[in-house]
Amino acid sequence: MEQQKRYGHFDDNNREYVITDPQTPWPWINYLGNEDFFSLISNTAGGYSFYKDAKFRRITRYRYNNVPMDNGGRYFYIKDGDTVWNPGWKPCKTPLDFYECRHGMSYTRVTGRKNGVEASVLFFVPLKKWAEVQKLTLKNESNEVKNLKLFSFEEWCLWNAATDMENFQRNFSTGEVEIEGSTIYHKTEYRERRNHYAFYHVNTEIQGFDTDRETFVGLYNEFADPQVVMEGRPRNSHAHGWSPIASHYIEVTLKPGESKDFVFLLGYIENEQDKKFSAPQVINKDKAHALIAELDTTAKVDKAFAELCEYWDALLNIYKVRTGNDKLDRMVNIWNQYQCMVTFNFSRSASFFESGVGRGMGFRDSNQDLVGFVHQIPPRARQRIIDIASTQFPDGGCYHQYQPLTKRGNNDIGGGFNDDPCWLIFGTVAYIKETGDFSILDEMVPFDNQPGSEVTLFEHLKISMDHVIKNLGPHMLPLIGRADWNDCLNLNCFSWDPNESFQTTENVSEGTKAESLMIAGLFVVTGKDYVALCNKIEELKNGKIENFNSSTLKSFNFSAEAERMQKAVDAMIEAVKKHGWDGEWYLRAYDFYGNKIGSNECEEAKIFIESQGWCTMAEIGAEDGMVAKSLDSCKKYLECEHGMVLNNPAFTKYIYEYGEISSYPEGYKENAGIFCHNNPWVIIGECIAGRGNDAWSHYAKILPSYVEEKYQTLHKVEPYVNCQMVAGKDAFKPGEGKNSWLTGTAAWMWYTVSEFILGIKPDYDGIRIDPCLPETAGDYTVNRKFRDAEYEITIHPNGQQKGVKSVTLDGQKIDGTVIPYSAGKHTVEVVM
Ligand code: BGC
């Protein structure tokens with residue numbers, strides 16, 4: 001039966017997912033690179049590379065939504081007699097005697113065997129290098145001498161990935177290359193405004209090359225049967241215009257048992273304007289030569305790879321759990337943290353579902369992603385916060401997205417998403433709690449990147465809170481603006497024109513009564529954080545905190561500010577209790593005209609998940625039983641076999657006043673899909689309420705390793721990471737996964753399990769211990785590095801779901817549940 005089919009398995013010791021069948025139900029990809037130079041790579045070596053920005057600096061070409069799927073990548077063709085094959089099976093698809101793809105932490109190793117020859121390629125981007133290494137090892141496992149013809153292949157993108165796909169009247173005339181020894185240089189547009197080029201090198205002598213695509217492939221052939229390869233004869237073509245490529249031709253003789261390494265290097269170089277050329281029309285290759293020299297032997301490459309592995313060891317040593325349950329431990333210790341790093345690097349820009357041309361870094365997205373990696377690389381989190389805040393407007397609103405290359409706000413989408421400002425508090429507070437670095441609040445940060453407009457980061461936080469307060473509707477609830485977290489709940493857009501995007505069409509602000517309960521909950525949660533932050537600063541001001549440099553902060557009255565904001569938070573809580581409660585759950589919103597959304601009175605979509613998540617996290621009305629009722633309603637109306645759906649019942653028709661959300665067929669995306677991202681909100685709500693059994697059962701439903709079997713045939717996307725959306729119960733194909741990798745789900749799953757389920761929560765003065773577990777949980781140990789301290793924390797749940805009875809630090813019982821921070825190694829015993 002199909003159900004039995006498996007495409008791979010976890011290898012925890014090596015921190016790898018091992019794919020054993022190239023024909024996965026969907027390309028299963030990995031990411032290479034940790035800073036600046038990045039690549040996407042599928043299990044058949046498809047994908048592409050770029051420098052910093054998948055739109056503006058695309059190095060190699062990729063065609064999304066192709067037929068066949070995932071066509072194009074870095075390909076090695078091996079011609080052994082009449083047989084031509086690829087180590088990753090594609091594109092030739094010659095049946096292999098053995099195939100394996102190991103996706104690891106920022107590297108991928110693809111191995112194929114055919115007729116006694118093994119070809120294994122290790123792909124990775126060395127730390128701090130602008131290059132992808134492809135180390136190919138060819139091994140003769142047969143008893144006869146092998147004479148092989150090896151062809152490499154990369155197709156250049158003409159830099160701007162968007163115009164590369166559309167402006168052919170220009171593109172077909174601009175392509176330029178240079179060839180020098182075993183290096184092929186791509187220098188399109190370098191003669192004019194560009195100061196960068198790329199190259200593809202191999203560390204051995206070559207016996208030929210090709211740089212013109214049509215010559216290499218043949219106009220009527222395909223990647224599966226390139227003419228040059230089929231004939232076993234390179235043409236030494238020199239591209240002028242059309243589509244430049246890079247292909248090396250190498251003749252390899254291997255004695256029985258012999259093996260040889262070849263280091264291929266795909267690199268990117270930028271030159272200073274006055275050092276662009278070494279002779280008229282000839283690019284200055286000094287930096288390329290230097291980069292090649294750093295990675296031109298097996299030994300150098302192996303060393304760079306070892307460094308990469310050590311880097312990941314260090315990152316994954318910061319938070320480690322041992323529960324004895326492999327399925328949980330592997331997600332917490334390896335894959336969830338890894339996915340968080342990837343979402344930090346790429347936000348929502350480049351995956352196999354995000355084309356890399358549409359969206360840069362999201363304001364809300366990137367703030368959320370912060371909680372997923374701030375413990376690993378605090379300095380980069382710090383920089384990210386400053387970059388994000390720099391795209392804010394003086395009134396507290398912000399650009400919804402910005403381009404990573406320029407760090408400028410994206411005018412195509414603009415601003416007006418009224419939840420955005422609150423997320424800046426969410427991200428900044430997480431950073432300070434992790435690091436104890438209050439000085440970030442004192443950083444001078446511009447508005448809209450305008451020099452001269454700088455104020456302190458703290459003032460950005462303040463105007464963020466005020467942006468909500470200044471934009472309240474008739475029920476004193478936050479006006480939604482263009483949308484809140486749910487980009488598709490477009491209550492002010494009223495579109496009948498199929499040629500306009502819901503995201504950018506007019507946002508009618510005049511006369512609107514559209515209010516959001518999601519923002520209300522978010523405001524209460526982040527408002528409480530803001531109040532606590534102000535109080536903390538006040539407490540530390542004359543104590544150990546270094547005095548702020550900026551005069552505004554020096555004289556600022558933080559306790560008065562805390563009081564002011566507490567009042568606003570209290571008022572919001574009252575407004576929700578009065579106008580946001582529907583009897584069994586929290587309303588979702590009011591529409592433009594002031595009608596209820598997400599109410600029992602509605603015909604469809606009577607209940608939504610977002611407001612249940614945020615209002616329960618905010619504990620609004622807990623004392624009146626609202627939180628418990630809301631959580632029960634989630635179980636009753638939203639939960640299904642694969643997780644909790646976003647709304648129920650699904651919309652069955654387009655509703656002009658609601659916008660994009662009602663444009664999707666039932667069960668997909670924001671119309672009652674299981675939007676994994678917001679399941680953790682309810683799970684955290686459950687944890688705060690102390691309902692460990694329920695929290696766990698929701699969590700396990702969307703935890704990839706727990707449902708790995710389902711991934712193989714039903715979800716279909718990568719079983720080692722969360723996807724954004726699983727089709728909901730109303731869908732035609734419930735359970736089908738989509739949009740894997742780049743989703744806020746990663747950071748939220750991490751935040752949920754690390755802080756709320758396992759209960760290890762960074763705080764200003766130390767680590768707060770507050771687990772919420774299923775009754776069946778056994779003892780477990782968390783090793784947590786925190787600032788300059790290292791804690792080994794063992795928890796004894798004793799069948800309790802919540803409630804810490806005692807905390808013992810280095811043999812001494814302490815008061816309360818916060819382990820006070822002090823540098824050095826410590827052991828902690830926690831009894832529940
Ligand atoms: C976006 C998020 C948004 C979510 C829900 C995602 O695709 O990246 O910013 O909150 O969809 O609409």
Side-chain angles (χ1 to χ4, degrees), residues 314-315 317-320 337 340 344 367 369-389 424-445 456-462 526 528-550 553-554 556 558-559 561-562 747 750-751 754-756 758-770 782-793 807 809-810 814-828:
L315 289 181
N317 265 333
I318 295 166
Y319 189 122
K320 258 189 157 163
Q337 295 198 59
C340 286
F344 157 62
N367 270 304
D369 294 345
L370 264 169
V371 298
F373 72 91
V374 63
H375 61 296
Q376 296 183 322
I377 39 171
R380 290 181 70 196
R382 193 182 204 275
Q383 187 57 48
R384 177 61 60 83
I385 292 169
I386 308 285
D387 290 348
I388 297 172
L424 191 61
I425 286 113
F426 183 76
T428 308
V429 164
Y431 169 79
I432 301 176
K433 286 188 173 171
E434 180 67 39
T435 57
D437 170 21
F438 287 82
S439 76
I440 190 174
L441 298 170
D442 206 16
E443 281 300 324
M444 299 302 282
V445 181
T456 61
L457 179 67
F458 180 80
E459 286 161 275
H460 280 265
L461 301 191
K462 179 167 174 282
T526 50
K528 286 181 187 171
D529 281 342
Y530 179 87
V531 168
L533 176 67
C534 290
N535 284 330
K536 186 87 264 170
I537 296 171
E538 196 59 52
E539 184 189 319
L540 296 176
K541 232 176 152 187
N542 305 313
K544 50 188 160 138
I545 196 170
E546 319 104 77
N547 283 327
F548 290 124
N549 288 319
S550 86
L553 294 197
K554 269 190 179 144
F556 192 76
F558 286 96
S559 42
E561 176 66 356
W750 170 250
Y751 189 49
S754 64
E755 299 198 15
F756 292 92
L758 299 172
I760 312 293
K761 221 173 163 10
D763 212 329
Y764 296 117
D765 299 324
I767 291 186
R768 184 179 298 279
I769 311 287
D770 188 16
V782 174
N783 288 84
R784 177 66 154 94
K785 294 200 171 125
F786 179 65
R787 304 180 200 168
D788 290 324
E790 266 184 71
Y791 297 96
E792 178 157 290
I793 307 164
V807 179
L809 169 65
D810 298 326
I814 61 165
D815 290 337
T817 55
V818 179
I819 313 168
Y821 166 70
S822 75
K825 288 196 175 180
H826 305 281
T827 10
V828 181

Does [X] use its side chain to pair, donor to acceptor, with the backbone of [Y] at less than 3.5 Å?
X      : Y      : answer
Asp442 : Asn549 : yes
His375 : Tyr319 : no
Asp529 : Phe426 : no
Glu434 : Val374 : no
Asp437 : Ile432 : no

- Query: Are Arg380 and Phe344 in a cation-pi setup, meaning NZ or CZ lies under 6.0 angstrom from the ring centre and within 45 degrees of the ring axis?
  - Reply: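 Ring-cation test returns no.
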
- Message: Between Leu533 and Leu441, does the side-chain contact (heavy atoms from CB on, under 4.5 Å) criterion hold? Intermediate values first, please.
- Response: CA-CA 11 Å; Leu533 176 67; Leu441 298 170; 4.3 Å; yes

Write down the atom of [X], the atom of [Y], and the distance for their closest heavy-atom approach.
X      : Y      : result
Cys340 : Trp750 : SG-CB, 3.7 Å
Tyr821 : Tyr791 : CA-OH, 3.4 Å
Pro762 : Lys433 : O-CD, 3.6 Å
Phe558 : Leu553 : CE1-O, 3.7 Å
Cys534 : Ala562 : CB-CB, 3.8 Å
His826 : Ala789 : CD2-CB, 4.4 Å

How many angstroms lie between atom [atom1] of [X] and atom [atom2] of [Y], to the nearest 0.5 angstrom?
X      : Y      : atom1 : atom2 : result
Phe786 : Ile760 : CZ    : CD1   : 11.5 Å
Thr456 : Lys554 : OG1   : NZ    : 13.0 Å
Thr428 : His460 : OG1   : NE2   : 10.5 Å
Ile388 : Leu424 : CD1   : CG    : 7.0 Å
Gln376 : Leu315 : CD    : CG    : 5.0 Å
Met444 : Leu457 : CE    : CG    : 11.0 Å

- Task: Verify whether the ring centers belonging to Tyr530 and Phe458 lie closer than 6.0 Å.
- Result: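 Between Tyr530 and Phe458, the centre distance is under 6.0 Å.
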
- Decide yes or no on side-chain contact (heavy atoms from CB on, under 4.5 Å) for Ile425 and Asn367, but give the supporting numbers first. CA-CA 9 Å; Ile425 286 113; Asn367 270 304; over 6 Å; no

- Is a salt bridge present between Glu755 and Arg784, judged by a nitrogen-to-oxygen distance below 4.0 Å?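 Looking at Glu755 and Arg784, the cut-off is not met.
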
- Answer yes or no: is there an ion pair linking Lys462 with Glu459, defined by an N-O contact shorter than 4.0 Å?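 Looking at Lys462 and Glu459, the cut-off is not met.
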
- Query: Name the one of Ile767, Asp765, Asp763, Leu809 that satisfies side chain to side chain contact (heavy atoms under 4.5 Å, CB included) with Pro820?
  - Reply: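 Between Pro820 and the candidates, side chain to side chain contact (heavy atoms under 4.5 Å, CB included) is satisfied uniquely by Leu809.
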
- Task: Report the C-alpha distance between Glu538 and Phe556 in whole Å, list the side-chain angles of each, state the deciding distance to 0.1 Å, and finish with yes or no for side-chain contact (heavy atoms from CB on, under 4.5 Å).
- Result: CA-CA 10 Å; Glu538 196 59 52; Phe556 192 76; over 6 Å; no

